[in-house]
Amino acid sequence: MVTVTMTVNGRQVSKEVEDRRLLVDFLREDLGLTGTHVGCDTSQCGACVVHLDGKAVKSCTVLAAQADGGSVKTIEGLANGADLHPLQAAFKEHHGLQCGFCTPGMIMSGVDLIERHPDGLDEKTVRVELEGNICRCTGYHNIVKAILAAAEEMRGGMRQAAE
Amino acid sequence: MYPLSYRRASSVDEARRLFQEASDAAYLAGGHTLLPTMKQRLAVHDVLVDLTRIEAMRGISVSGDTLTIGGGMTHAEVSESSEVKGAISSLAAMVGSIGDAQVRHRGTIGGSIANNDPAADYPSAALALAATIKTDSREIAADDFFTALYETALEEGEIVTGVSFRIPETAGYAKFRNPASRYPMAGVFVAKHKDGSVRVGVTGAGMEGAFRWHEAEEALAGNFSGEALAGISLDPGMMMGDIHGSPEYRANLVAVMAGRALANLGSAEAII
Ligand SMILES: Cc1cc2nc3c(=O)[nH]c(=O)nc-3n(C[C@H](O)[C@H](O)[C@H](O)COP(=O)(O)OP(=O)(O)OC[C@H]3O[C@@H](n4cnc5c(N)ncnc54)[C@H](O)[C@@H]3O)c2cc1C
Ligand code: FES
Ligand code: FES
């Protein structure tokens, strides 16, 4: 067993877990944060994407012990109380989901993607960058629309904050 | 995944010691090959020795005609590095085309080189850029390093601490992705070096893993353009064949990718 200590959605947590515990199981089973999903066992689908130390990672392919001392953000940590994050709001507005299984991973990847492109995004970049997230329902079209819309809005917000 | 013990090393010496103390240890870097394999119980290890917090395996530097990348650097760090982009822009672009953004945030150059997956991208660049693989005990030329499928010249417990690439006059990369795994079905890295020599590294297609295409190198030394490849072909007997493509298909695909790489010098092209 190993003791892992990390910040999850701003809250410090410390637990003893099996050495082989995956980060995704730590989040879902030990912390009850079931918003992060598991959609495959080949590290391909992206349903499990969370931010580890500010970077989008597939939490099914990271040991909880490797994240020790780090900071994790999951889909549950994105909204500000009752106010949805701009990308969550854009998924709602643009019908970026159907069954919703891929959505937490899509949104965490989308936020990371927007943050890595502060100068803005175009449709081609969004489609290429979604390589690691699979959706079986939507055909991606509205997901791409939602990410582009949120990117615009977040840039507007950043501009306002800078002024 | 079967039960295991996780150990974190803070230095290369400590990693070696932890590895030797266990009966069947493996090093853990980005984990993006090792953990999926262990989850499917295709690999079993009693101890995983985490290399990712070893400071000495980090960093990127340019000295003269050599670009050196620490063995622990992630694909994202390499592809975004201004040193790598400045020294060998096609290498930065190739690394930026590995897997997906999340894989690139974790996967490392050391793990990729040590694993020698026959479809991995890095081995083609290591061969074309006359790389030297640095380990905790010696230096190995890329030409002697990749020995067979998933096999390298590394001894049991030896650690890849860094990789040095020869900065070429110009280079380019092109690959055709497998539509399911997304690894290259054929990836070709072409480089023209400052001494006039040409090296061509091919991945994804060879039955023995990545290889140098010597005949193309000779033809390109006289005329570094796609035209020089007309009339040259690879022996399908050396190529992999599977449900995604026959050996003949792959032999042709390598030639097509070599042409695309030559038409895209300074960058990398990933097809579908
Ligand atoms: C969905 C997905 C898509 C991918 N697509 C591609 C792709 O298109 N192209 C591509 O090239 N790769 C691809 N990869 C593989 C990815 O690049 C891996 O991260 C990489 O091959 C292994 O690096 P790692 O740091 O994750 O190593 P690990 O998985 O941690 O280790 C791999 C092996 O190398 C050993 N090892 C690790 N580091 C060292 C070291 N420094 N010295 C000695 N031995 C070491 C380990 O013990 C293990 O045996 C993909 C992976 C996934 C999950
Ligand atoms: S569950 Fe992690 S990639 Fe599919
Ligand atoms: S909405 Fe169902 S998988 Fe994406």
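In what follows, chains are A, B, ... by sequence order, proteins preceding strands, each numbered from 1.
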Quiz prompt | Neighbourhood of chain B inside residues 19-28 of chain A, taking heavy atoms under 4.5 Å as contact | solution = A/Asp19, A/Arg20, A/Leu22
Exercise. Pick one of side chain, backbone, both or neither for A/Leu130, based on which atoms fall under 4.5 Å of a heavy atom in chain B.
Key: neither
Exercise. Evaluate salt bridge (Lys or Arg N to Asp or Glu O under 4.0 Å) for B/Asp100 paired with A/Lys58, printing each intermediate quantity in order.
Key: CA-CA 10 Å; B/Asp100 54 52; A/Lys58 292 176 169 174; 2.7 Å; yes
Quiz item: Can you tell me if B/Asn116 and B/Thr152 form a side-chain donor-acceptor pair at under 3.5 Å?
Solution: no
Quiz item: Under 3.5 Å, is there a donor-acceptor pair between the A/Ser109 and A/Asp112 side chains?
Solution: no
Exercise. Report yes if the side chains of B/Arg53 and B/Ser10 come closer than 4.5 Å at any heavy-atom pair, otherwise no.
Key: no
Quiz item: Can you check whether B/Val95's main-chain N or O pairs, donor with acceptor, with B/Ser79's side chain at less than 3.5 Å?
Solution: no
Self-check item: residues 30-45 of chain A: residues contacting chain B (heavy atom under 4.5 Å, by number)
Solution: A/Asp41, A/Thr42, A/Ser43, A/Gln44
Exercise. Assess the side chains of B/Thr74 and B/Glu77: does a donor N or O sit below 3.5 Å from an acceptor N or O?
Key: yes
Quiz prompt | Interchain contact, A/Val62 with chain B, by part (heavy-atom threshold 4.5 Å) | solution = both
Quiz item: Do side-chain atoms of B/Thr161 reach the backbone of B/Gly70 as a donor and acceptor pair under 3.5 angstrom?
Solution: no
Practice problem: Output the residues of residues 66-105 of chain A for which the shortest heavy-atom distance to chain B is under 4.5 Å, in residue-number order; output 'none' if no such residue exists. | Solution: A/Gln66, A/Ala67, A/Asp68
Quiz prompt | Qualifying residues under side chain to side chain contact (heavy atoms under 4.5 Å, CB included), relative to B/Thr135, sequence neighbours excluded | solution = B/Ser137, B/Arg138, B/Ile140, B/Leu154, B/Glu158
Quiz item: So, do B/Val47 and B/Leu18 sit near enough that their side-chain heavy atoms are less than 4.5 Å apart?
Solution: no
Practice problem: Could you check whether the rings of B/Tyr249 and B/Phe176 sit parallel, tilted or perpendicular, using 30° and 60° as the cut-offs? | Solution: perpendicular
Quiz prompt | No-hydrogen, no-angle side-chain donor-acceptor test under 3.5 Å, B/Thr52 and B/Asp50 | solution = yes
Quiz item: Quick one: what part of B/Leu48 sits under 4.5 Å from any heavy atom of chain A, side chain, backbone, both or neither?
Solution: side chain
Practice problem: Please look at A/Val57 and chain B and tell me whether the side chain, the backbone, both or neither of the residue comes under 4.5 angstrom of a heavy atom of that chain. | Solution: both
